[in-house]
Novice: 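Here you go, one structure.
Basis for what follows: all heavy atoms, side chains included, without hydrogens, waters or symmetry-related copies.
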Amino acid sequence: LYKGKKLDEDKTIELLESADKFSNSAIWKILSDDAIYNANFMMYNSSRDFEGMMFGKAVLYAIDIIKRRLEQLSKLKK
């Protein structure tokens with residue numbers, strides 16, 4: 001499902017192939033690792049208030065959502 005609607009077979013195949021390539025790509029590894037590093041730095045080193053801590057947690061949550069979606073898609077392919 002995407003935005004509450006079922007994708008047609010061609011789009012599903014395209015999505016599964018893209019997700020597999022993306023989740024194993026160097027750019028995803030660099031971007032996700034960098035976002036996690038910066039979120040942790042914000043929370044533990046430069047955060048001076050609750051908002052700073054929540055911002056870092058929000059970044060980690062967003063990365064987690066993407067990772068879980070990619071894992072779901074990889075399981076569909078098998």
Novice: What are the two closest non-hydrogen atoms of Met43 and Gly52, and how far apart are they?
Specialist: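 For Met43 versus Gly52, the nearest heavy atoms are CG-O, 4.5 Å.
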Novice: Go through the steps for Asp20 and Glu17 under the test side-chain contact (heavy atoms from CB on, under 4.5 Å), then give the verdict.
Specialist: CA-CA 5 Å; Asp20 188 48; Glu17 290 172 356; 5.8 Å; no
Novice: For the CH2 atom of Trp28 and the CG atom of Asp33, what is their distance to the nearest 0.5 Å?
Specialist: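 Atom-to-atom, Trp28:CH2 and Asp33:CG are 9.0 Å apart.
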Novice: Once you round to the nearest 0.5 Å, how far does CG of Asn40 lie from NZ of Lys57?
Specialist: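 Going from CG on Asn40 over to NZ on Lys57, the span is 9.5 Å.
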Novice: Might you point out which heavy atoms bring Ala39 and Gly56 nearest each other, and give the distance in Å?
Specialist: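 Where Ala39 meets Gly56 most closely, the heavy atoms are CB-O, 3.5 Å.
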Novice: Among the clusters formed by ILVMFWY side chains lying less than 4.5 Å apart, do Val59 and Met42 turn up in the same one?
Specialist: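 The answer is yes; both residues are in one hydrophobic cluster.
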Novice: With a 4.5 Å cut-off on side-chain heavy-atom distances among I, L, V, M, F, W and Y, is there a chain of contacts connecting Ile66 to Ile36?
Specialist: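 Ile66 clusters together with Ile36.
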Novice: What's the separation between atom CD1 in Ile27 and atom NZ in Lys29, rounded to the nearest 0.5 Å?
Specialist: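 The distance works out to 13.0 Å.
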Novice: If you take all heavy atoms of Ile63 and Ala35, which pair is closest and at what distance?
Specialist: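 So the minimum-distance heavy-atom pair works out to CD1-CB, 3.9 Å.
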Novice: To the nearest 0.5 Å, what is the distance between CZ on Arg68 and CG on Leu70?
Specialist: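 Going from the CZ atom of Arg68 to the CG atom of Leu70 covers 11.5 Å.
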Novice: Can you tell me how far the CE atom of Met53 sits from the OG atom of Ser46, to the nearest 0.5 Å?
Specialist: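 It comes to 10.5 Å.
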Novice: Pair Leu15, Leu7 - check side-chain contact (heavy atoms from CB on, under 4.5 Å), show working.
Specialist: CA-CA 9 Å; Leu15 182 64; Leu7 296 173; 3.7 Å; yes
Novice: Looking at Asp64 and Leu60, would you say the former's side chain and the latter's main chain have a donor-acceptor pair under 3.5 Å?
Specialist: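 No, because the side chain of Asp64 does not come within donor-acceptor range (under 3.5 Å) of the backbone of Leu60.
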Novice: So, does Ser25 use its side chain to make a donor-acceptor pair with the main chain of Phe22 at under 3.5 Å?
Specialist: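 Looks like yes, one N/O pair under 3.5 Å.
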